[in-house]
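Side chains are part of it too, since the values below use all heavy atoms of this structure and drop only hydrogens, waters and symmetry mates. Lettering follows sequence order; numbering is per chain, from 1.
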Amino acid sequence: MFRQAEALTKAKPTNSVSPVPTRTYHQKTLSVPNEFSFHECLKFLARSEKEKMHVIKAERVRKLVKFDDGPVLFELSHPTKTAIQICFLNQPVSRAAIAAVSEYVNDWFDLETDLAPFYQLTETDQLLKNLTTRYYGLRLIKIPDLFEALCWAILGQQINVAFAYTLKQRFVENFGESFTFDGEIYWLFPTPEVVAELQLADLLRLQFNRQKAEYIIGLARVMRNGEVSKQDLLELNSIVAAREALMKIRGVGPWTASYVLMRCLGFRSAFPIEDIGLHNALQRQLNWTRKPTIAEIKSLSAGWNGWQAYATFYLYRSLL
DNA sequence: ATCCAGGAGTCCG
DNA sequence: CGGACTCATGGA
């Protein structure tokens, strides 16, 4: 395949415009599972204009990730029903980077999960059936980076999601690394190493409250120190043990732990039952005039064993 | 204006 | 262990 070098440019305060590339990029095709809708996945990813961790245009999504070799920018498209195409926009790209991105996309879109049992389950659950019919093929979109997932959950504690996105945007644009390509800026989430060195005031001026500022800097420090890592949590091979380990982190309570088990660590029985968004979605689906109680949700979800995370995610989707 | 938001830590009995 | 209180600011 024809390749030509195309460098990512570290973003400078002044916008530099790159020429529009007319190159042939290295590509790789991933086969997709049954019960898959690229469109539905992008719909979820596009839920906020303030989301700076990817860029969506015309049924394509671009994302910058960083591996040991350095940053890699890729674009996903869906040329046929049975495949996702990964296009590597910065070249040359190493064999290792291609493998790493393939693995990343597999995780990000949760392509390994066979949804057939979940859809089967919804046949006897009218509430879920409505959602799986409406959003057929939606995958549980992950937040593969543990630090990002935990920060996002902490940011979302006790404030509305719109404002959480505002705080996330400020956090990313102030402390994340960015690169430009083809005139567009792509961001990496701030790293624990950088955030661990911040002072409270650095976050307070972004309108974080004192709690969020303390929680996020404290989290960054324990992760930088290697006291918490995604790999270690996964190697526990136990949702109960992983949940306990997460809840030892200051600022990580039951909701945050469950949220991260669901959005990052891939536990399909994770269930953030305290989640206000979940409550609101259930209220709407049930057409009730009040929110369901925890006891009522436990009753409603009695048949969701093993699929609580997917049920929750489809309920989130219903709020968009 | 008023209430609420994809909670968590602390204190108190 | 369970309940009340506090944090704090934008959105609707």
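- When ring centroids are compared, A:F44 and A:F313 come within the 6.0 Å threshold.
- Contact annotation: A:R250 side-chain N/O to B:dT10 OP1/OP2 distance is under 4.0 Å.
- Between B:dT10, B:dG7, C:dT9, one nucleotide has an atom nearer to the side chain of A:F163 than all others, and that is C:dT9.
- Considering only side-chain atoms of A:W255, the nucleotide from B:dG9, B:dG7, C:dG11 that sits closest is B:dG7.
- The distance from atom CZ of A:F208 to atom C1' of C:dG10 is 14 Å, rounded to the nearest whole Å.
- One interatomic measurement links the two molecules: CE of A:M247 to P of B:dT10, which rounds to 13 Å at whole-angstrom precision.
- Considering only the side chain of A:T166, C:dG11 comes nearest among B:dA8, B:dG9, C:dG11.
- Between the side chain of A:Q207 and the base of C:dG10, no donor-acceptor pair of N or O atoms lies under 3.5 Å.
- At a threshold of 4.0 angstrom between heavy atoms, the contacts of A:I159 include nucleobase atoms, whether or not backbone atoms are also involved.
- Partner of A:T113 under the side chain to side chain donor-acceptor pair (under 3.5 Å) criterion, out of A:R268, A:R139, A:E35: A:R268 alone.
- Atom CZ of A:R95 is surrounded by 12 or fewer heavy atoms from other residues, nucleotides or ligands within 6.0 Å.
- Looking at heavy-atom distances under 4.0 Å, A:N209 makes contact with sugar-phosphate atoms alone, never a base.
- Between the OH atom of A:Y310 and the CG atom of A:L140 there is a distance of 5.0 Å, given to the nearest 0.5 Å.
- A donor-acceptor contact under 3.5 angstrom links the side-chain atoms of A:Q158 to the base of B:dA5.
- One interatomic measurement links the two molecules: CD of A:Q157 to P of B:dC4, which rounds to 20 Å at whole-angstrom precision.
- A sub-4.0 Å separation between OP1 or OP2 of B:dA5 and a side-chain N or O of A:K291 is present.
- Using a 4.0 Å heavy-atom criterion, one finds that A:P272 contacts no nucleic acid atom at all.
- With both ends at atom P, the span from B:dT2 to C:dA8 equals 23 Å, rounded to whole Å.
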